[in-house]
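Everything on this sheet refers to the single structure shown next.
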Protein chains: 2
Amino acid sequence: MTKTDTAKNDAFDLQDFLPYLLNRAAEESSLEFQRAYKDRYGMLRTEWRVLFHLGNYGEITAKEIGERARIHKTKISRAVSKLELRRFLTRTPSERDRRVEHLKLTPAGKAAYRELCGIARQYDAKLAAMFDEDEAALLRKMLQKLAEMR
Amino acid sequence: MTKTDTAKNDAFDLQDFLPYLLNRAAEESSLEFQRAYKDRYGMLRTEWRVLFHLGNYGEITAKEIGERARIHKTKISRAVSKLELRRFLTRTPSERDRRVEHLKLTPAGKAAYRELCGIARQYDAKLAAMFDEDEAALLRKMLQKLAEMR
DNA sequence: GGATAATAGTTGATTTTGTAACTAACAAGC
DNA sequence: GCTTGTTAGTTACAAAATCAACTATTATCC
């Protein structure tokens, strides 16, 4: 379809707008992987993110997860509760500061993490294979930069 | 922070996982622009997407917007209703098929579109300036490919 | 050391999204 | 032409995200 007057005037193409492209690519690329944790474990995105952070970084607090992944504390709080219910993690109140809780994966949590890691690695490889190796590396670098800005 | 046993075993780094990176970059890069349409017009993301599609492609149906932007029809339906309430668009039932409605921006809708376009173009330039010109072009191409996969 | 501010995390109310069922109109096969 | 299936769009209900207010604890500073 050709563009109309309103568009020609300022030559703006939605299909080139970076935030739009990033959102579309993110949604699209999340879909397939989402099925893995949703169908298998009934997990939500925030939950696997918390799970992955714990698996990746070991014992850590809710606040630290929120800072790293830029997730709001209420979302984390609810995700942690659900993961605790499913016996995927345990909380230990900190000795030094009783407001803080240290979170840690249980063996079941680690098992889930490992399985999802495998699926994630495979899926990531599949996505990366859409590009040349050096292009994919550059893509990761640029996305990291965009994710870290502010 | 160093990685723990669970992570070392299978060398999976969350910070390199493409769907995670894409989501983080998308969220981060949307924030500033989101303020523009939220604060100025009280719009939600789906609403400006519909607005932009109408501004970009002219008269079009709800279904076509949904296909192009991969937005579910219920979301579109609600966004169209809100944009209509704000008098940013009008609906005209199709002559040939009375199930279909042709959507069109009003002058007010076009004005909002134009203003947001300006902001968008500026913001896009700012994002693109984080990279070399050819890198930014490659980024757009890769994102388009990821958005179109399936 | 006692008032004030700040921080970690939770809870509740409101808004937004997602899912499924629905209406109205058209299309196809017989 | 009438049953069966499909499509565009809406609506109702359930699930989830957002925002504000809250508790409990620690830090600050006079």
Side-chain angles (χ1 to χ4, degrees), chain A residues 23-24 26-28 30-32 34-35 37-39 41-51 53-54 57 59-86 89-104, chain B residues 23-24 26-28 30-31 34-35 37-39 41-51 53-54 59-86 89-104:
Chain A
N23 273 289
R24 287 276 324 270
E27 281 165 32
E28 210 56 49
S30 295
L31 269 180
E32 193 172 332
Q34 181 174 5
R35 271 193 292 280
Y37 54 79
K38 210 168 188 177
D39 293 354
Y41 297 105
M43 257 185 233
L44 301 176
R45 180 150 57 184
T46 309
E47 287 161 48
W48 84 251
R49 281 201 186 177
V50 168
L51 183 82
H53 275 268
L54 287 171
Y57 302 113
E59 201 163 322
I60 202 177
T61 72
K63 197 205 168 198
E64 286 168 319
I65 298 177
E67 277 165 3
R68 277 169 201 284
R70 300 217 204 263
I71 304 175
H72 195 268
K73 58 184 183 173
T74 61
K75 266 167 103 174
I76 305 235
S77 172
R78 285 174 173 129
V80 167
S81 296
K82 282 199 191 155
L83 289 171
E84 191 188 25
L85 269 176
R86 249 169 233 134
L89 62 76
T90 56
R91 322 187 193 212
T92 323
S94 167
E95 294 286 312
R96 293 196 328 229
D97 184 343
R98 269 170 300 160
R99 290 171 301 184
V100 175
E101 290 177 332
H102 296 287
L103 307 172
K104 211 169 110 181
Chain B
N23 273 288
R24 287 277 324 272
E27 280 165 34
E28 211 56 49
S30 296
L31 268 181
Q34 181 175 5
R35 271 194 291 279
Y37 55 78
K38 210 169 189 177
D39 292 353
Y41 298 106
M43 258 185 234
L44 302 177
R45 183 150 54 184
T46 309
E47 287 162 49
W48 83 253
R49 279 201 188 177
V50 168
L51 184 83
H53 274 268
L54 286 173
E59 203 165 320
I60 201 177
T61 72
K63 198 207 167 197
E64 286 170 318
I65 298 176
E67 278 165 1
R68 278 169 201 284
R70 297 217 206 261
I71 304 175
H72 195 268
K73 59 184 182 172
T74 60
K75 263 168 107 174
I76 305 236
S77 172
R78 291 192 252 250
V80 167
S81 296
K82 281 198 191 157
L83 290 172
E84 191 189 24
L85 268 176
R86 251 168 230 135
L89 63 76
T90 56
R91 321 187 193 214
T92 322
S94 167
E95 293 287 312
R96 293 196 329 230
D97 183 344
R98 268 171 300 162
R99 289 171 303 184
V100 175
E101 290 177 334
H102 296 288
L103 307 172
K104 211 170 111 182

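Between A/Glu47 atom CD and D/dA17 atom C1' there is a gap of 13 Å when expressed in whole angstrom units. Across the protein-nucleic acid pair, B/Asn23 atom CG and D/dA17 atom C1' stand 15 Å apart, rounded to whole Å. C/dT16 atom C1' lies 9 Å from atom NZ of B/Lys75, rounded to whole Å. Across the protein-nucleic acid pair, B/Leu44 atom CG and C/dT16 atom P stand 5 Å apart, rounded to whole Å. Rounded to whole Å, atom C1' of D/dA8 lies 11 Å from atom CG of B/Leu103. Rounded to whole Å, the distance from CZ on B/Arg45 to C1' on D/dA17 is 12 Å. Rounded to whole angstrom, the span from the CD atom of B/Glu27 across to the P atom of D/dT18 amounts to 8 Å. One atom, CZ of B/Arg96, and another, P of D/dT7, lie 17 Å apart when rounded to the nearest Å.
When all heavy atoms are compared, the tightest approach of B/Thr61 to B/Leu103 is C-CD1, 4.2 Å.
Both cation-pi conditions hold for A/Arg68 and A/Tyr57: the charged atom is under 6.0 angstrom from the six-membered ring centre and inside a 45 degree cone around its axis.
Across B/Glu27, B/Arg45, B/Arg49, a single residue satisfies side-chain hydrogen bond (donor to acceptor under 3.5 Å, both in side chains) together with A/Asn23, and that is B/Arg45.
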Along nucleotides 7-13 of chain C, 5' to 3', which nucleotides get a B, which get an S, and which get a -, given that the test is a protein heavy-atom distance under 4.0 Å? BSBBBBB
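Distance from the side chain of A/Lys82 is smallest to D/dA16 among C/dT16, D/dA16, D/dT18.
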Can B/Glu84 and B/Arg91 be said to form a side chain to side chain contact (heavy atoms under 4.5 Å, CB included), step by step? CA-CA 8 Å; B/Glu84 191 189 24; B/Arg91 321 187 193 214; 3.0 Å; yes
B/Glu64 vs B/His53, side chain to side chain contact (heavy atoms under 4.5 Å, CB included): CA-CA, chis, key distance, verdict: CA-CA 9 Å; B/Glu64 286 170 318; B/His53 274 268; over 6 Å; no
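For the side-chain contact (heavy atoms from CB on, under 4.5 Å) test, residues two or more places apart in sequence or in another chain that qualify with B/Leu44 are B/Glu47, B/Lys82.
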